[in-house]
Protein chains: 2
Amino acid sequence: MSGSPRRESSDRRVRRTRRAVQQALTELILEKGYETVTVTDLINRANVGRSTFYAHFTDKQDVLFSNLDELSDLLHLAPASRPGVLFAFSLPMFEHLQEQRRLVRALLGRRGGGVVMARGEQIMAAVVRDELLAGLPSGSTPPASLDLMITCVVGAFMALLRKWADGELTATPAEMDAAFRAVVTPGVEEALAASPRGRGPAPG
Amino acid sequence: MSGSPRRESSDRRVRRTRRAVQQALTELILEKGYETVTVTDLINRANVGRSTFYAHFTDKQDVLFSNLDELSDLLHLAPASRPGVLFAFSLPMFEHLQEQRRLVRALLGRRGGGVVMARGEQIMAAVVRDELLAGLPSGSTPPASLDLMITCVVGAFMALLRKWADGELTATPAEMDAAFRAVVTPGVEEALAASPRGRGPAPG
DNA sequence: TTATAACCGAACACATTGTTCCGAAACAAG
DNA sequence: CTTGTTTCGGAACAATGTGTTCGGTTATAA
């Protein structure tokens with residue numbers, strides 16, 4: 001029964017154990033890929049009793065998610081750095097991920113099982129929504145298709161990200177960023193500009 | 001040892017068995033979701049011996065994929081119906097999937113495990129590539145970022161599709177199609193038009 | 001020092017997978 | 001209808017993984 005206890009324990013043993021397990025997970029992910037890592041692997045590598053493991057985590061996934069919170073920060077802070085630019089998170093994101101390439105690849109690639117991708121999409125969607133709402137002409141109503149638009153943008157970005165991590169695409173962060181924005185930005189800006197008040201989009 | 005034996009067997013028992021298992025799978029998917037279906041479930045529902053199952057299929061996934069080939073046809077035929085329109089596959093796709101909504105939802109949604117999504121992406125990527133190449137100004141060189149572009153487009157589309165199947169988005173096929181094309185088309189057309197020969201893009 | 005909380009690890013019940021074996025049944029061909 | 005071949009059934013099996021329980025040990029905080 002642990003779920004995701006936000007706070008750090010005061011007991012040193014607890015911290016030690018949790019750290020050991022988390023560390024073991026990233027090691028094993030790099031070696032075997034997330035999906036094939038078993039709980040048994042984890043407790044062996046971490047030198048932790050079986051019962052101890054289940055006293056701290058419910059799952060393999062629980063361990064994984066306990067390591068996945070810093071990502072959100074990076075994304076939410078990014079837009080402030082380049083005000084006025086749509087999807088400013090893009091470049092910093094690609095750059096950041098290139099540094100931790102191996103782990104990212106193991107987590108986001110096809111062998112990663114998609115759990116991390118799912119989490120990432122949620123986080124990203126929140127960021128994109130903020131940006132889009134901020135990018136609207138002041139005083140205008142969000143178009144009804146906002147959610148569809150967000151989904152498109154996030155979908156495009158994540159797809160790019162995954163293939164990149166998977167090694168199916170070779171490009172620099174700058175190129176990735178450029179391609180992403182080139183495809184997505186024109187359509188989004190048109191859509192944003194064209195819906196001041198409850199009016200539907202005005203095609204052709 | 002079966003992999004994917006293209007041809008239908010002449011032995012009635014074989015056809016019967018394979019059908020029973022495939023049928024059992026879609027039933028169980030609708031009831032429990034793909035990931036939680038076990039081989040044991042399958043053979044029970046299909047009334048098939050364990051050894052018999054493994055004589056025909058290697059996997060759960062093998063059964064799934066044996067049912068997943070008609071999709072490709074639909075996508076590849078679509079562009080011919082509306083010549084000159086980018087991403088003509090979009091609307092027919094959404095419409096087709098709406099008819100088989102429940103199964104599609106079980107297969108493509110989050111509970112579907114992503115196997116079908118992965119397959120779908122491959123198929124889609126081929127279709128999109130064809131369309132983009134066909135849409136280039138005649139005699140021009142495909143931009144180096146073609147793969148990135150394809151990834152974006154496919155990613156956006158698949159994301160839309162998944163959320164829709166998952167029930168996280170409520171919209172008509174026409175609305176889905178419109179949103180998809182609204183976001184993606186402008187950027188793509190700009191990019192296509194702007195790269196006849198190694199020249200950089202010429203904005204504004 | 002002491003009470004408490006965390007740890008270890010073995011043992012357990014349970015589920016799932018994939019293989020093997022052989023008698024019974026269904027089949028296609030003649 | 002007979003015959004030789006193929007498939008089926010289903011039990012039994014080994015292997016692996018999961019999550020729980022329990023009693024004894026040890027580190028920690030106060």
Side-chain angles (χ1 to χ4, degrees), chain A residues 1-29 31-66 111-115, chain B residues 1-29 31-66 111-115:
Chain A
M1 264 169 230
S2 91
S4 287
R6 281 271 189 271
R7 266 283 147 259
E8 280 213 343
S9 170
S10 59
D11 195 320
R12 179 185 303 164
R13 288 169 297 177
V14 175
R15 293 193 300 263
R16 189 182 115 82
T17 296
R18 294 187 63 93
R19 277 230 151 211
V21 174
Q22 292 171 330
Q23 178 62 27
L25 179 60
T26 66
E27 286 181 23
L28 286 168
I29 285 179
E31 296 172 16
K32 317 177 43 178
Y34 173 73
E35 280 194 318
T36 68
V37 174
T38 69
V39 173
T40 306
D41 289 337
L42 278 175
I43 64 187
N44 286 342
R45 177 65 62 98
N47 288 314
V48 154
R50 190 168 199 79
S51 56
T52 305
F53 174 88
Y54 283 107
H56 286 289
F57 305 96
T58 67
D59 259 347
K60 214 171 70 176
Q61 176 172 307
D62 194 23
V63 182
L64 179 60
F65 280 7
S66 73
R111 294 182 54 189
V115 209
Chain B
M1 261 171 231
S2 93
S4 287
R6 280 273 189 273
R7 266 281 148 261
E8 281 216 340
S9 170
S10 59
D11 196 320
R12 180 184 301 162
R13 288 169 298 177
V14 175
R15 295 193 299 264
R16 188 182 115 83
T17 297
R18 295 185 64 92
R19 278 233 150 208
V21 173
Q22 292 171 330
Q23 178 63 25
L25 179 60
T26 66
E27 286 180 24
L28 287 168
I29 285 178
E31 296 170 15
K32 318 175 45 178
Y34 173 74
E35 280 194 319
T36 68
V37 174
T38 70
V39 173
T40 306
D41 289 337
L42 277 175
I43 65 187
N44 286 342
R45 177 65 62 100
N47 286 316
V48 153
R50 191 168 200 79
S51 57
T52 306
F53 174 88
Y54 283 108
H56 287 287
F57 305 96
T58 66
D59 260 345
K60 217 171 68 177
Q61 176 171 307
D62 194 23
V63 182
L64 179 60
F65 279 7
S66 73
R111 294 182 53 188
V115 210

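Chain letters run A, B, ... following the sequence lines, proteins first and then strands; every chain starts at 1.
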Practice task
Kindly say if A/Thr17 contacts the phosphate of C/dC7, meaning a side-chain N or O under 4.0 Å from OP1 or OP2.
Solution key: yes
For nucleotides 18-20 of chain C, which of its nitrogen or oxygen atoms have a protein nitrogen or oxygen under 3.5 Å away, and what is each distance?
| from | atom 1 | to | atom 2 | distance (Å) |
| --- | --- | --- | --- | --- |
| C/dG18 | OP2 | B/Tyr54 | OH | 3.2 |
| C/dG18 | N7 | B/Arg50 | NE | 2.9 |
| C/dG18 | N7 | B/Arg50 | NH2 | 3.3 |
| C/dG18 | O6 | B/Arg50 | NE | 3.4 |

Exercise for the section: Tell me whether the OP1 or OP2 atom of D/dC8 has a side-chain N or O from B/His56 closer than 4.0 Å. Expected result: yes
Exercise for the section: Give B/Thr52 one of three labels, base, sugar-phosphate or nothing, depending on what nucleic acid heavy atoms sit under 4.0 Å from its own. Expected result: base
Practice task
Look at all strands and tell whether A/Arg12 reaches a base, only sugar-phosphate, or nothing, counting heavy atoms closer than 4.0 Å.
Solution key: sugar-phosphate
Completion exercise
Of all heavy-atom pairs linking A/Val21 and A/Leu42, the shortest is O-CD2, 3.9 Å
Handout entry: Distance-minimising heavy-atom pair for B/Thr17 and B/His56
Key = CG2-CD2, 3.6 Å
Fill in the blank from the handout: Whichever of B/Val48 and B/Arg13 has the more 5' nearest nucleotide on DNA chain D, that residue is B/Arg13
Problem - Whole-Å distance separating the CZ atom of A/Arg18 from the P atom of C/dA5 - result: 18 Å
Practice task
Provide, to the nearest angstrom, the distance between the CG atom belonging to B/Leu42 and the P atom belonging to D/dG9.
Solution key: 14 Å
Exercise for the section: Calculate, to the nearest 0.5 Å, the distance between atoms CZ and CZ belonging to A/Arg13 and A/Arg16 respectively. Expected result: 11.0 Å
Handout entry: Rounded interatomic separation in angstrom, taking NZ from A/Lys32 and P from D/dT16
Key = 12 Å
Problem - B/Phe53 CZ to D/dT7 C1', straight-line distance once rounded to whole Å - result: 16 Å
Exercise for the section: Using whole Å, report how far CG of B/Asn47 lies from P of C/dA25. Expected result: 17 Å
Exercise for the section: Could you list the residues that satisfy side-chain contact (heavy atoms from CB on, under 4.5 Å) with A/Ile43, not counting sequence neighbours? Expected result: A/Val39, A/Arg50, A/Phe53
Practice task
Of all the heavy-atom pairs spanning B/Val37 and B/Lys32, show the shortest one and how long it is.
Solution key: CA-NZ, 4.4 Å
Problem - Nucleotide D/dT20, atom C1' - distance to CZ of A/Phe57 in whole Å - result: 18 Å
Exercise for the section: With rounding to the nearest 0.5 Å, note down the distance linking CG in A/Asn44 to CG in A/Leu28. Expected result: 9.5 Å
Exercise for the section: Please name all residues satisfying side-chain contact (heavy atoms from CB on, under 4.5 Å) with A/Ser51, sequence neighbours left out, ordered by chain then number. Expected result: none
Problem - Rounded distance (Å) that lies between atom C1' of D/dG17 and atom CD1 of A/Ile43 - result: 11 Å
Exercise for the section: Starting at atom CG of B/Asp11, determine the distance to atom C1' of C/dA29, rounded to an integer number of angstrom. Expected result: 13 Å
Practice task
Answer with base, sugar-phosphate or nothing: what part of the nucleic acid does B/Asp41 contact at a heavy-atom distance below 4.0 Å?
Solution key: nothing
